There are 2 protein chains.
Amino acid sequence: MSITLKDIAQKANVAESTVSRALNDKAGVSQSTKIKILKIAKKNNYRPNQLARGLAIKKTNMIAVITDELDNQGQIKIVKEIEKEAEKAGYQIILCNTKQNPEKEKSYLSLLESNQVEGAIFIGDQLVGSALLKASLSSENNIVLVNRLAEENFFTSVLTDYSHGIFKATKHLIEQGFKNIAILAGSENSLIEAEKLKGYKKALKNSDLKLNHDLIFKNTAGRKAGYNSFLKLCKMNLIPDAFISTQELTTIGLVEAIKTGGYFIPDDFALIGYADTILSSIIEPPLSVLSEPIAKLGSFSFAFLLNLINNNLAEPQIKVLSPKLIVRESSIAKYN
Amino acid sequence: MSITLKDIAQKANVAESTVSRALNDKAGVSQSTKIKILKIAKKNNYRPNQLARGLAIKKTNMIAVITDELDNQGQIKIVKEIEKEAEKAGYQIILCNTKQNPEKEKSYLSLLESNQVEGAIFIGDQLVGSALLKASLSSENNIVLVNRLAEENFFTSVLTDYSHGIFKATKHLIEQGFKNIAILAGSENSLIEAEKLKGYKKALKNSDLKLNHDLIFKNTAGRKAGYNSFLKLCKMNLIPDAFISTQELTTIGLVEAIKTGGYFIPDDFALIGYADTILSSIIEPPLSVLSEPIAKLGSFSFAFLLNLINNNLAEPQIKVLSPKLIVRESSIAKYN
DNA sequence: TTGTATGCGTTATCAG
DNA sequence: CTGATAACGCATACAA
């Protein structure tokens, strides 16, 4: 058993309350007794029991960070950023992984409801479910959403403007003179992917280009899917001159297929990928990509949550951040 | 305020203890009252306050996972694996990041000492410091180390046999007929890197090859360092025919330098890298690498910790796992 | 089967 | 400045 307040009180011949005051630097205790108490505490390596403390003052200094897939590089970076900010503010984070399972999400929600954490940040691509929605209705549940789209958004959230990101990428390709731009998007059920498609379509319309549905590939997620979609394309009549690929692994597969086919990037096919990881700079040629404002996503979300916890947020806030277009070789027209 | 046991007791006209028994599925409560209580609890969305519960039964179902750098891909994968195992056992994990700062490590240790967590897993490359050492002396502190070397190891730990890994890699290159094998290792202060060098030397000796200190590059960590070390090599008399590079980014830099110099892998220089990430399979040519047993590292460490928590471990246990050599094109001699 | 009383370790309120 | 004492929400030994 570790040492408690009571033990120290006995050793110092004072009341527990005095010890508590001394240890917490509160007024109302003479310098001499304070020193005596502090000395005893240090000598015995006293650590206040945080559970008891939390129970008494209703503060745990912990928040939950709930991701849907811990594999996701981007999400991990956001977690890291949140951890950094949280640490500054004296908060610990509990890491949760729902593995895309709504039941898990629901169970993690009880961390909030059981007062283990003071707030929760949900990161991810899933539609906001009923459990989360319901929980958010209570003003006691401090919840911030990151990159999580809801059909109607009552939540305080930090969002990436996927649509505008892809819009910028598409416009860039158009400006480079490419006319037939294909897009490889992920799961049709993903609101995020839907947003990306919107941006693509908007850019075409904005430039008076005709939308060709044959150039839109949905549900291509993963290296293999990226590879295969290129093969499919080759059998079609309309060959595109540029690609936008909305997911990293898909992009890799696509690049492999293009190279295997004996074609060159950007000479035969221009290409813009998604996510600015080391991969995109190493691949041959260096890839133009859309880069998410990861750091800001993390810092804003924690700042919001802290405000919620401290009741400094009168009503839900939404912060929208735009991805940055990083132009490297893969999207530059060689012979303009 | 959320609803408490007491509230439910009042609504049901029974004592708190009865409610507690009913909710915890304990014997000694009639079916009828139990149903009544359960119904009221559900209706009011009751969630037991875990702080109070933990305080009463001295169990938090939480463990701390302490990494030294959250950037580290390998470490994150281990965390993910631990999370998976922990979840099965009903444990939550608190994620901590010391940023290589011993002070931080010390402060996270207090999570243990203040009974917030039932145990802690330390992952990382740093030497075990005095604070950790001291904490480990108390049998109340359940501590497991992962890939963390100590000069004398009293800890229950799970270790990668770095030395043997590099030994295997070196032997493989020798068997392929390479005679002048250079090694690019990381920080001289890292015990892990020191282990790797040991394996290299041992393999040379084992094959009666002379150790050439000019072929040992220490403190080469990062892309730039990898690149530069190749440039340095080019100015030397003795040009190696093969490389072992012990860190991923360093390997990338090295590959870039080799290619920029107009040389080919493995024709001019064979190469074995470290860490089996997607990068190593994408790079041209696909890289032979040493792959760490990440999943096992995670599952063993949690299993150990659980045993410690349940007092099922009479004395410190050490599990040593060996990295796997994955042979791809980069280490195959073309003209044997 | 149920209720009462007490403890877990801390903070806070109120006297003294 | 200091000390009792209640409260936080739950679990449990003991009585009824």
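No hydrogens, no waters, no symmetry mates; every other heavy atom, side chains included, goes into these values. From a predicted model like this one, the values you see are computed outputs, not experimental measurements.
In this structure Ser190(A) satisfies the side-chain hydrogen bond (donor to acceptor under 3.5 Å, both in side chains) test together with Asp125(A), sequence neighbours excluded. Here Thr98(B) pairs with nothing under the side-chain hydrogen bond (donor to acceptor under 3.5 Å, both in side chains) rule; sequence neighbours left out. Remark: Arg53(A) engages no residue in a salt bridge (charged side-chain N to carboxylate O under 4.0 Å, His left out) (not counting sequence neighbours). Remark: Lys88(B) pairs with Glu85(B) by the salt bridge (charged side-chain N to carboxylate O under 4.0 Å, His left out) rule, at least two apart or across chains. Every residue meeting the side-chain hydrogen bond (donor to acceptor under 3.5 Å, both in side chains) condition with Glu193(A), not counting sequence neighbours, appears here in chain and number order: Lys196(A), Thr246(A), Gln247(A).
Listed by residue number, Glu16(B), Ser17(B), Ser20(B) are the residues of residues 10-20 of chain B with a heavy-atom contact under 4.0 Å to DNA chain D. For the segment residues 22-46 of chain B, the set of residues with a heavy atom within less than 4.0 Å of an atom of DNA chain D comprises Asn24(B), Lys26(B), Tyr46(B), in numerical order.
Taking the C1' atoms of five terminal pairs at each end of the helix from dT1(C)-dA16(D) to dG16(C)-dC1(D), the two resulting helix axes are inclined by 50°, rounded to 10°.
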Validation: residues 29-41 of chain B side-chain donor-acceptor distances under 3.5 Å, sequence neighbours left out:
| residue | atom | partner | partner atom | Å |
| --- | --- | --- | --- | --- |
| Ser30(B) | OG | Ser32(B) | OG | 3.2 |
| Ser30(B) | OG | Thr33(B) | N | 3.3 |
| Ser30(B) | OG | Thr33(B) | OG1 | 2.9 |
| Thr33(B) | OG1 | Ser30(B) | O | 3.1 |
| Lys34(B) | NZ | Asp25(B) | OD1 | 2.7 |
| Lys36(B) | NZ | Ala12(B) | O | 3.3 |

Quick one: side chains of residues 294-307 of chain A, donor-acceptor pairs under 3.5 Å with protein atoms, not counting sequence neighbours, listed by atom name and distance.
| residue | atom | partner | partner atom | Å |
| --- | --- | --- | --- | --- |
| Ser299(A) | OG | Ala295(A) | O | 3.1 |
| Ser299(A) | OG | Lys296(A) | O | 3.3 |
| Ser301(A) | OG | Leu297(A) | O | 3.0 |
| Ser301(A) | OG | Gly298(A) | O | 2.8 |

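As rounded to whole Å, 17 Å separates atom C1' of dA12(C) from atom NZ of Lys59(A).
A side chain to side chain donor-acceptor pair (under 3.5 Å) check over residues 74-83 of chain B, counting only residues at least two apart or in different chains, returns the pairs Asp71(A)-Lys80(B), Tyr108(A)-Glu83(B), Asp68(B)-Gln75(B), Glu81(B)-Lys84(B).
For Lys58(B), a side-chain nitrogen or oxygen approaches OP1 or OP2 of dG9(C) to under 4.0 Å.
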Check the interface with nucleotides 14-16 of chain C: list each N/O to N/O pair with the protein under 3.5 Å, or write none.
none

